[in-house]
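For reference, the structure discussed in these notes is given below.
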Amino acid sequence: MRKSYKTEINPTQEQIQKINKTIGTCRFIYNFYIAHNKELYNKGEKFMTAKSFSVWLNNEFLLNSPEYLWIKDVSSKSVKKSMENAYTAFTRFFKKQSRFPRFKKKNKSDVKMYFVKNNPKDCFCERHRINIPTLGWVRLKEKGYIPTTKQGYVIKSGTVSCKAGRYYVSVLIEIPDWNKPQLNNFGLGIDLGLKDFAIISNGITKKNINKTAKIRKLEKQLKREQRCLSRKYEDLKKRNNKMKGEATRQNIQKQVLKVQKLHHRIDNIRTDYINKCVNEIVKTKPSYITIEDLNVKGMMKNKHLSKAVASQKFYEFRTKLEAKCKELGIELRIVDRWYPSSKLCHECGCIKRDLKLSDREYICECGYHADRDYNASLNLRDAISYKIA
């Protein structure tokens with residue numbers, strides 16, 4: 001079995017320069033691949049795959065354009081991976097799974113430095129450091145989190161990324177002799193919502209993390225810093241003096257980093273909460289878990305609820321729950337989005353058509369009375385029609 005681990009690293013200044021240079025080159029190659037295929041399409045020529053683009057880039061383009069030879073200064077594996085990522089984006093577009101690939105912007109897009117194990121000396125991990133190709137030994141901030149090579153674990157590949165001035169390494173590790181645990185003979189239904197994050201059929205309710213005092217305090221601080229950044233941009237427009245304008249630009253970069261750090265901190269708190277929720281759910285070892293296929297894209301169109309929906313991170317919760325269920329052998333059932341889980345009476349099976357969103361209690365004519373979301377979680381648990389993720 002393979003499992004991924006992500007942790008923060010503490011690279012030297014020389015290593016930071018190499019990482020930034022590699023990420024910048026990968027971003028350029030990604031954008032170049034998209035632009036080149038758009039140009040071929042306008043000329044009526046054949047679409048170029050990642051492999052054919054790599055051959056054309058090395059054998060034709062770089063030979064005729066020596067000013068772009070700096071592409072060869074970074075890891076070739078990272079460059080080829082960026083081509084494959086762009087090709088995957090086109091493939092998803094052709095299958096109508098996503099929109100047309102967009103260009104990556106500097107300091108705004110998630111571009112990573114890819115590495116892979118080429119020889120036995122590469123990707124060697126110890127308790128406090130990891131050996132990354134082209135970078136050498138890099139110190140880990142969280143000691144002992146990644147399983148070491150001496151324990152028999154093998155690192156297959158990984159990525160190095162940068163976010164808000166902090167650097168992270170994510171590695172894919174081959175875990176030998178993995179035995180799936182024995183599951184219990186019961187299932188769980190999970191109803192996701194905005195008032196509460198998750199209502200589980202076993203009676204446990206996960207509160208909305210965005211309503212806590214810590215998140216609200218950070219969001220207020222973020223508003224102040226964004227307001228300060230906006231003023232600096234307005235001040236730059238009024239500057240006529242070049243010396244003062246240059247100083248303002250430097251202050252803007254400092255303020256941008258402050259805003260990025262606050263965004264990153266809030267995002268980390270939400271992600272950590274989702275990880276804890278998923279771990280607590282799968283620790284009960286149910287034989288199956290049932291969730292609803294939410295129309296998040298449609299919910300985001302509501303201007304009154306879009307911010308609340310985005311901050312709940314429903315898609316990330318589903319992705320991580322799916323990965324955990326696959327790891328432990330738990331069956332994850334996905335119920336259709338039109339299934340009337342909230343309007344269906346769990347006791348008699350009657351559907352209450354006139355149920356409003358403001359009705360927080362479900363009261364049926366048969367005498368059944370329960371919380372609206374808890375009733376929905378019970379109906380999801382006992383759903384008959386579903387598809388397995």
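The first residue in the sequence is number 1, and the count goes up from there.
- The shortest heavy-atom contact between Pro101 and Phe93 is CD-CB, 4.1 Å.
- None of Asn31, Ile23, Ile29, Thr25 except one satisfies the side-chain contact (heavy atoms from CB on, under 4.5 Å) rule with Val111; the exception is Ile23.
- The pair Arg318-Asp293 counts as a salt bridge, with a side-chain nitrogen and a carboxylate oxygen less than 4.0 angstrom apart.
- Of the charged side-chain nitrogens involved, none lies within less than 4.0 Å of a carboxylate oxygen, so that Glu361 and Arg372 do not count as a salt-bridged pair.
- Of the possible donor and acceptor atoms, one in the side chain of Gln15 sits under 3.5 Å from a partner among the backbone N and O of Leu135.
- With salt bridges taken as basic N to acidic carboxylate O contacts below 4.0 Å, one links Asp267 and Lys313.
- Counting only distance, with no hydrogens or angles, the side chain of Asn131 and the backbone of Val138 share no donor-acceptor pair below 3.5 Å.
- Evaluated for a ring-ring contact (aromatic ring centres under 6.0 Å, His included) with Phe90, the options Tyr41, Phe47, Tyr30 yield exactly one hit, Phe47.
- At a threshold of 4.0 Å, the pair Lys326-Glu322 does not count as salt-bridged, since none of the basic side-chain nitrogens sits closer than that to a carboxylate oxygen.
- At least one donor-acceptor pair closer than 3.5 Å links the side chain of Tyr288 to the backbone N or O of Arg381.
- Between the side chain of Ser52 and the backbone N or O of Met48 there is no donor-acceptor pair closer than 3.5 Å.
- Under the rule for a side-chain hydrogen bond (donor to acceptor under 3.5 Å, both in side chains), Gln17 has no partner lying at least two apart in sequence or in another chain.
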